[in-house]
Amino acid sequence: MDTTTNSVGAVQPQRAHFDKPLALAGGGALPAFELVYETYGELNAARSNAVLVCHALSGNHHVAGHYADDPKNVGWWDNLVGPGKPLDTRKFFVVGVNNLGGCYGSTGPTTINPASGRPWGADFPVVVVEDWVAAQAMLADRLGIDTWAAVMGGSLGGMQALQWTLEYPERIRHALVIASAPKLTAQNIAFNEVARQAILSDPDFHGGHYYAHGVVPARGLRLARMIGHITYLSDDQMAEKFGRKLRQGDLQFSYDVDFEIESYLRYQGDKFAGYFDANTYLITTKALDYFDPARDYGGNLAAALARARADFLVVSFSTDWRFAPERSREIVYGLVHNRLDVSYAEIESIAGHDSFLLDDPRYHAVMRAYFEGIET
Amino acid sequence: MTNVLGRFDFDVIAKWIRPGEKVLDLGCGDGSLLRYLRDEKGVLGYGVDNDPDNVLACIRNGVNVLQIDLEAGLSGFEDGFFDHVVMSLSLQTVRHTERLLAEMLRVGREAVVSFPNFGHRSHREAIAQGRMPVSESLPYQWYNSPNVRFFTMADFEALCAEHGILLRERLGFDGEAAVGEDLNLNASIAVYRLGKAG
């Protein structure tokens with residue numbers, strides 16, 4: 001452990017295989033599956049210091065540290081997790097896991113379907129937040145973790161933290177729900193649908209079985225990512241970061257890149273299309289759209305939250321319009337209704353939805369203070 | 001009187017709250033009142049504050065705090081959910097006084113408010129000499145005060161009468177000493193326990 005840089009240092013992904021079938025919320029079951037995960041810090045003797053970090057749309061199990069053979073591959077929440085950081089790995093045992101349906105090694109569309117001997121592709125079932133949490137619980141069993149000190153996540157990850165409190169109320173003491181929502185709005189679903197249509201209409205998609213054709217629907221994935229990026233930033237931040245700055249100093253009078261923002265979106269889109277799987281993107285956006293714990297309670301969120309027993313920290317960001325503060329407040333008021341301990345911080349930030357991944361001092365101070373208050 | 005919390009009005013407020021109650025503390029600062037009520041009376045408390053430093057202080061204090069703008073009202077809270085809604089030395093910092101008082105008594109069975117009494121002798125003397133008062137209870141200059149409403153106990157009671165708000169109990173303090181008579185002249189801090197008529 002390298003404490004001079006506050007990094008957990010070089011880490012190694014691990015793999016857990018499960019032969020017990022996992023019944024899925026959408027019907028059917030996965031007969032067997034694997035989860036790729038990483039851990040940082042030490043599980044204490046009482047097994048009371050474990051924290052699960054749930055990833056969002058494009059995240060994975062690599063939460064913190066780097067790989068010895070790839071030092072530039074730093075975990076996606078490394079600024080928050082490490083020795084001396086807000087989620088302090090000297091106190092907590094931290095687990096990051098790639099969710100089912102992912103494309104980083106856990107069972108998903110790119111892995112081999114034992115029934116056919118070929119990649120699952122479009123045949124991989126649409127797994128949802130409830131399924132991810134059920135699989136995470138099986139991983140917790142495997143790691144000897146009966147109760148999480150905390151489950152934390154941002155955005156779609158926050159939905160998983162919330163779902164933990166409903167599905168396994170006795171197995172989670174604290175939930176940190178960051179830049180999240182109790183369900184997506186129509187506008188939010190609409191953005192996901194445009195992203196999906198970009199992928200589904202790409203000629204290289206081949207009904208989701210593009211692996212067999214030796215291609216990937218890169219154009220669709222690229223567009224999907226570009227749309228996503230627009231919604232993750234705020235108007236103010238885009239204005240500040242890019243404004244109307246020109247790439248080459250002059251208008252081109254062509255359909256090539258004129259403005260810096262175009263260049264940025266193309267770069268982000270290309271980069272993403274180079275490593276992310278389109279089927280995983282489709283599944284994950286559906287998981288976002290479907291998440292709605294109040295659905296079985298006639299839309300009454302407070303009634304849905306009645307099962308929860310955990311203490312909560314809910315955090316939102318002032319310029320996040322994709323997961324707006326109002327949505328976080330819905331969760332907060334639902335928790336108050338159920339007399340649960342909850343604190344809510346609304347962080348002033350220019351960076352929109354992306355704020356939750358940045359290291360704003362006020363935001364991190366809140367996270368640090370909350371984790372410091374968690375007994376292990 | 002004893003001053004266990006560092007804020008003498010807290011002692012009065014704490015006496016009015018029974019064990020196990022649900023309490024909402026508006027403008028809760030660093031959460032010390034709620035912490036005291038939780039530790040000593042097993043109260044389920046939530047603080048509301050819109051200052052990020054106070055939100056952080058509450059979290060450090062292990063107290064529930066919700067970062068909400070009081071000017072936006074209490075619309076997220078349910079009718080009658082709380083036994084007591086407390087507003088300690090903050091009422092004068094809120095613009096929509098009438099609406100907030102109504103909201104406090106909507107979400108709470110009783111409201112407890114304390115505020116600096118503009119009618120105190122020293123404040124009247126300052127005005128008589130042509131200057132805005134600056135005192136222990138009104139420690140700010142006119143140009144840097146967080147206070148946006150300046151009112152006396154008599155003003156406040158008139159407003160309550162107009163809105164059918166019952167004055168269940170009323171106390172006045174000067175410094176930390178309880179004031180016996182002519183509160184509007186002698187009290188620098190007023191503390192009220194309020195209820196709904198009917």
Side-chain angles (χ1 to χ4, degrees), chain A residues 86 150 173-179 182 300-303 305-306 309-318 320 324-349 355 360-375, chain B residues 19-32 34-35 37-39 41-86 103-104 106-108:
Chain A
R173 292 194 285 121
H174 300 82
L176 292 90
V177 180
I178 317 297
N300 184 341
L301 180 62
L305 297 179
R309 294 291 174 270
D311 296 350
F312 282 76
L313 176 67
V314 178
V315 178
S316 73
F317 298 90
S318 58
D320 184 351
E326 289 87 334
R327 304 281 84 75
S328 284
R329 285 199 289 266
E330 287 174 24
I331 298 174
V332 168
Y333 290 126
L335 296 170
V336 170
H337 172 88
N338 286 293
R339 306 173 184 204
L340 291 166
D341 281 325
V342 52
S343 280
Y344 168 62
E346 196 171 306
I347 308 291
E348 197 72 40
S349 163
S355 302
D360 177 273
R362 282 198 187 282
Y363 165 42
H364 272 202
V366 164
M367 299 294 275
R368 180 183 295 277
Y370 194 77
F371 274 117
E372 280 174 357
I374 295 178
E375 289 171 18
Chain B
E21 285 194 351
K22 294 197 290 292
V23 174
L24 185 66
D25 184 1
L26 305 178
C28 63
D30 68 1
S32 31
L34 285 173
R35 191 186 169 120
L37 292 175
R38 183 196 61 195
D39 294 347
K41 301 203 169 191
V43 158
L44 173 64
Y46 299 91
V48 170
D49 211 297
N50 204 25
D51 178 339
D53 291 332
N54 286 339
V55 171
L56 181 59
C58 284
I59 293 173
R60 286 192 176 133
N61 246 333
V63 166
N64 294 324
V65 60
L66 312 178
Q67 189 172 354
I68 292 167
D69 181 7
L70 282 180
E71 299 286 6
L74 304 175
S75 56
F77 297 104
E78 295 157 85
D79 292 1
F81 184 79
F82 294 99
D83 298 294
H84 280 101
V85 180
V86 176
E103 278 287 89
M104 288 174 77
R106 177 183 67 80
V107 304

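Chain letters run A, B, ... following the sequence lines, proteins first, then strands; residues in each count from 1.
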Quick one: pull up [atom1] in [X] and [atom2] in [Y] and give me the separation to the nearest 0.5 Å.
{"X": "B:Asp69", "Y": "A:Glu346", "atom1": "CG", "atom2": "CD", "value": "9.0 Å"}
{"X": "B:Lys22", "Y": "A:Arg339", "atom1": "NZ", "atom2": "CZ", "value": "3.5 Å"}
{"X": "B:Ile59", "Y": "A:Met367", "atom1": "CD1", "atom2": "CE", "value": "10.0 Å"}
{"X": "A:Ser328", "Y": "B:Gln67", "atom1": "OG", "atom2": "CD", "value": "11.5 Å"}
{"X": "A:Leu340", "Y": "B:Asn64", "atom1": "CG", "atom2": "CG", "value": "9.5 Å"}

**Q.** Part of B:Val65 lying under 4.5 Å from any heavy atom of chain A
**A.**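 Its backbone and side chain both get close to chain A.
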Q | Interchain contact, B:Asp53 with chain A, by part (heavy-atom threshold 4.5 Å) | A | both
Q.
Between A:Val336 and B:Leu66, is there a side-chain heavy-atom distance shorter than 4.5 Å?
A. yes
Q.
For a quick test of reading the model, state the closest non-hydrogen atom pair linking A:Asp341 to B:Tyr46 and the distance between them.
A.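 Here A:Asp341 and B:Tyr46 meet closest at N-OH, 4.5 Å.
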Q | B:Glu78 CD: over 12 foreign heavy atoms closer than 6.0 Å | A | yes
Q | Between A:Ala369, A:Ser343, A:Ala345, the one whose heavy-atom pairs under 4.5 Å with chain B are most numerous | A | A:Ser343
Q. For A:Phe317, which residues count as a ring pair (Phe, Tyr, Trp, His ring centres under 6.0 Å) partner, sequence neighbours excluded?
A. A:Tyr363
Q: Tell me, please, which residues at least two apart from B:Phe82 pass ring pair (Phe, Tyr, Trp, His ring centres under 6.0 Å).
A: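 Expected list: B:Phe77.
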